[in-house]
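Here's the structure we're looking at; comments come further down.
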Amino acid sequence: MKAIEQALSETAIIQKVLAGETALYELIVRRFNATLYKIGRSYNYDHEDTQDLMQDTYVDAFKSLAQFEGKASFKTWIARIMMNNCFRKRQKLSFKNEIAMEAKADSKPLFTGNEQYTDKALHNKELGHIIENALEQLPSDYRMVFSLREINGMNIAETADLLAISEANVKVRLNRAKAMLRTKLQNAYSPKELYEFNLVYCDSMVEKVMKRIYEL
């Protein structure tokens, strides 16, 4: 893709795609691979199932592009589609509801900016697996708030809207999620490194999504 195309806003891309420039939808796929991947993994789906859900989400979003009104960010809009797909898949497979956990609300920051130790820890793949396993053990209510806020960078209002809860609940659940993780993790990682969608998968995802779209 040309640099000028890569600089287009999501709104501009959507307008061009709706006008017939279907190939530009590739930009949407490349921009949101990481976000959708992290959401899928936060629902405890494995790598393969998450990629399948991502493909479905991109196709669903393409079919509904004309319905995007721009009232919320495109990131929030497509994240909602991904979350709905994840939820439906979980229902379809009859996943058991996770046991609710209670934890004392704690406003102590989870990350203290210990960059030297953090950088070292991020290169430790074994630790990365420990972190992801710890997140998978959180009740879904807390895990999803943590994922949207800390891993995907959603603000409080966006997170509340996506999960259909109050902003106060977002804050409480985030604090409880941090409290659950802090004992084992302390300051050993940066949240953006979790559930990383390796760039090696990006071209493959684009190819699969665009193939499905051209077949519609």
Side-chain angles (χ1 to χ4, degrees), residues 10 25 28-29 31-103 131-178 180-181 191-192 194-197 201 205 208-209 212-213 216:
E10 280 83 43
Y25 194 69
I28 294 294
V29 179
R31 289 184 188 184
F32 295 98
N33 272 338
T35 295
L36 299 192
Y37 186 77
K38 290 172 182 178
I39 289 174
R41 292 300 305 278
S42 295
Y43 270 90
N44 282 356
Y45 291 114
D46 62 20
H47 177 73
E48 288 73 21
D49 284 342
T50 296
Q51 289 198 100
D52 289 342
L53 285 160
M54 290 167 66
Q55 289 184 52
D56 291 343
T57 296
Y58 284 127
V59 173
D60 290 344
F62 178 81
K63 292 178 179 178
S64 304
L65 275 184
Q67 300 175 25
F68 176 66
E69 300 177 347
K71 294 180 179 179
S73 69
F74 186 81
K75 181 179 181 180
T76 301
W77 187 75
I78 199 168
R80 186 189 303 280
I81 296 174
M82 179 67 175
M83 291 170 64
N84 287 339
N85 284 339
C86 289
F87 181 73
R88 281 195 293 269
K89 182 177 179 67
R90 184 169 61 184
Q91 283 190 317
K92 184 177 180 180
L93 296 177
S94 299
F95 283 4
K96 294 181 179 180
N97 292 328
E98 294 177 320
I99 300 175
M101 291 173 58
E102 289 296 330
I131 293 169
E132 292 183 5
N133 288 337
L135 281 171
E136 289 172 1
Q137 294 172 25
L138 293 186
S140 60
D141 287 347
Y142 301 120
R143 186 174 64 249
M144 290 312 302
V145 168
F146 186 91
S147 173
L148 294 175
R149 288 283 290 122
E150 296 285 339
I151 301 177
N152 276 311
M154 301 283 188
N155 61 37
I156 293 175
E158 290 172 332
T159 303
D161 182 47
L162 282 170
L163 297 177
I165 60 178
S166 69
E167 293 187 12
N169 278 340
V170 169
K171 296 176 183 178
V172 170
R173 292 185 188 183
L174 180 60
N175 282 334
R176 288 179 177 173
K178 288 180 178 180
M180 294 175 197
L181 291 169
K192 292 183 179 179
L194 296 175
Y195 300 136
E196 195 63 32
F197 188 77
Y201 305 120
M205 178 60 63
K208 291 176 181 177
V209 170
R212 289 181 59 180
I213 285 175
L216 292 176

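One is the number of the first residue; the rest follow in order along the sequence. The structure displayed is predicted, hence computed values, not measured ones.
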Trace of the salt bridge (Lys or Arg N to Asp or Glu O under 4.0 Å) decision for D161 with R80: CA-CA 9 Å; D161 182 47; R80 186 189 303 280; 2.6 Å; yes
Taking every non-hydrogen atom, the tightest pair across T159 and M154: OG1-CB, 3.5 Å
Test side-chain contact (heavy atoms from CB on, under 4.5 Å) applied to T35 and I78, step by step: CA-CA 9 Å; T35 295; I78 199 168; 5.8 Å; no
Value rounded to 0.5 Å, distance of CD in E136 from CG in N44: 5.0 Å
Atom pair CD/CD1 of Q55 and I213 - distance to nearest 0.5 Å: 10.5 Å
Distance, nearest 0.5 Å, that separates OH of Y37 from CD of Q51: 6.5 Å
CA sep, side-chain torsions, deciding dist, call: E158, K75, salt bridge (Lys or Arg N to Asp or Glu O under 4.0 Å): CA-CA 10 Å; E158 290 172 332; K75 181 179 181 180; over 6 Å; no
For the student: nearest non-hydrogen atoms of A177 and L138, plus distance: CB-CD1, 4.2 Å
All side chain to side chain donor-acceptor pair (under 3.5 Å) counterparts of N84, not counting sequence neighbours: none
Nearest non-hydrogen partners of M82 and L36, listed with the distance: CE-O, 3.2 Å
Over all atoms of both residues, closest heavy-atom pair of L53 and Y45: CD1-CD1, 3.5 Å
Heavy-atom side-chain contact between F146 and S42 under 4.5 Å: no
R212 and D56: CA distance, side-chain angles, deciding distance, salt bridge (Lys or Arg N to Asp or Glu O under 4.0 Å) verdict: CA-CA 9 Å; R212 289 181 59 180; D56 291 343; 3.0 Å; yes
Smallest separation among heavy atoms of I81 and D60, with atom names: CG2-CB, 4.0 Å
4.5 Å side-chain heavy-atom contact, L163 and M83: yes
Side chain proximity check, T50 to Y43, heavy atoms < 4.5 angstrom: no
N85 and K89, any side-chain heavy atoms less than 4.5 Å apart: no
Straight-line distance of K208 NZ to M54 CE, nearest 0.5 Å: 10.0 Å
Ring geometry between Y25 and F62 (parallel below 30°, tilted from 30 to 60°, perpendicular above 60°): perpendicular
With a 3.5 Å cut-off and sequence neighbours excluded, list the donor-acceptor pairs that the side chains of residues 66-73 form with protein atoms.
from : atom 1 : to  : atom 2 : distance (Å)
E69  : OE1    : K71 : NZ     : 3.2
S73  : OG     : T76 : N      : 3.1
S73  : OG     : T76 : OG1    : 2.9

Ring centres under 6.0 angstrom apart (F74, F32): yes
Separation of I39 CD1 from L162 CG (nearest 0.5 Å): 7.5 Å
Any donor-acceptor N/O pair, N155 side chain to A157 backbone, under 3.5 Å: yes
Test item: V209 and I28 side chains (from C-beta on) under 4.5 Å apart, heavy atoms: no
Atom pair CG/CD of D46 and E48 - distance to nearest 0.5 Å: 5.0 Å
